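Owing to the predicted nature of the structure, the values given are computational and were not obtained by experimental measurement.
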Amino acid sequence: MLQLNMNVIDDSIKESDQIAIQVALNDYVYRFLTSEVQNSYAIVSEIYQLLSTLVNNSKYIKSIYVYDIARGASLPSRRATAPASLPSSIPNGPA
């Protein structure tokens, strides 16, 4: 029983590491973190799509957040989060 639980923990850590690397290496995430203006609807939409896909296809991951410590900006993605929940302050975003 203990070995079974350890296997689940190992699998969840391995999956978390793989997803973290995918997010960290994504071009849109890089643009979000390095661009002067972080409210580009196109960039935020692409990141949302990526995060949603990763979360929805994950056995263990329930949410992913991209957080810019320097500017205090973040992008969450949770299971069942609707695109309409994107901030309305994003130009051309949902009203």
Side-chain angles (χ1 to χ4, degrees):
M1 185 64 163
L2 182 58
Q3 183 60 41
L4 177 65
N5 289 337
M6 290 302 295
N7 289 342
V8 170
I9 292 169
D10 288 343
D11 289 346
S12 66
I13 291 171
K14 187 182 300 181
E15 183 179 80
S16 297
D17 287 346
Q18 290 171 345
I19 288 175
I21 290 168
Q22 285 180 304
V23 171
L25 295 177
N26 183 272
D27 186 50
Y28 289 101
V29 172
Y30 177 79
R31 289 183 199 176
F32 172 77
L33 294 173
T34 60
S35 66
E36 194 169 311
V37 178
Q38 290 184 316
N39 64 350
S40 165
Y41 183 72
I43 292 173
V44 171
S45 294
E46 287 293 332
I47 295 171
Y48 174 82
Q49 184 176 356
L50 169 72
L51 299 181
S52 295
T53 299
L54 292 172
V55 168
N56 290 332
N57 291 325
S58 170
K59 184 175 181 179
Y60 301 104
I61 306 299
K62 304 297 183 222
S63 63
I64 302 171
Y65 292 82
V66 175
Y67 186 72
D68 182 345
I69 295 172
R71 294 185 263 187
S74 67
L75 293 174
S77 180
R78 292 178 217 90
R79 291 192 198 276
T81 300
S85 67
L86 289 173
S88 60
S89 62
I90 297 172
N92 302 319

Check your understanding: Does some side-chain heavy atom of Tyr60 sit less than 4.5 Å from a side-chain heavy atom of Val8?
Key -> yes

Check your understanding: Just wondering, are more than 12 heavy atoms of other shown residues or ligands nearer than 6.0 Å to OH in Tyr30?
Key -> no

Review point. Looking only at heavy atoms, which two atoms of Phe32 and Ile47 are closest? And how far apart?
Key: CB-CD1, 3.5 Å

Check your understanding: Between Asp17 and Lys14, is there a salt bridge with N-O shorter than 4.0 Å?
Key -> no

Check your understanding: Do you know the tightest heavy-atom contact between Lys62 and Lys59?
Key -> NZ-O, 3.6 Å

Revision key, fill the gap. Rounded to the nearest 0.5 angstrom, the CG-OG distance for Asp68 and Ser74 is 9.5 Å

Revision key, fill the gap. Of all heavy-atom pairs linking Arg71 and Leu33, the shortest is NH2-O, 2.8 Å

Point to revise | Ser45 (side chain) donor-acceptor with Ala42 (main chain) under 3.5 angstrom | key: no

Review point. Would you call Arg31 and Asp27 a salt bridge, taking side-chain N to carboxylate O under 4.0 Å as the test?
Key: yes

Review point. Got a donor-acceptor contact below 3.5 angstrom from the Glu15 side chain to the Ser58 backbone?
Key: no

Study note, to complete from the structure: Closest heavy-atom pair, Ser16 versus Ile61, reported as atoms and distance to 0.1 Å, is OG-CD1, 3.3 Å

Practice item. Sort out for me which residue in Leu50, Leu54, Leu51, Ile21 forms a side-chain contact (heavy atoms from CB on, under 4.5 Å) with Asn26. Key: Leu50

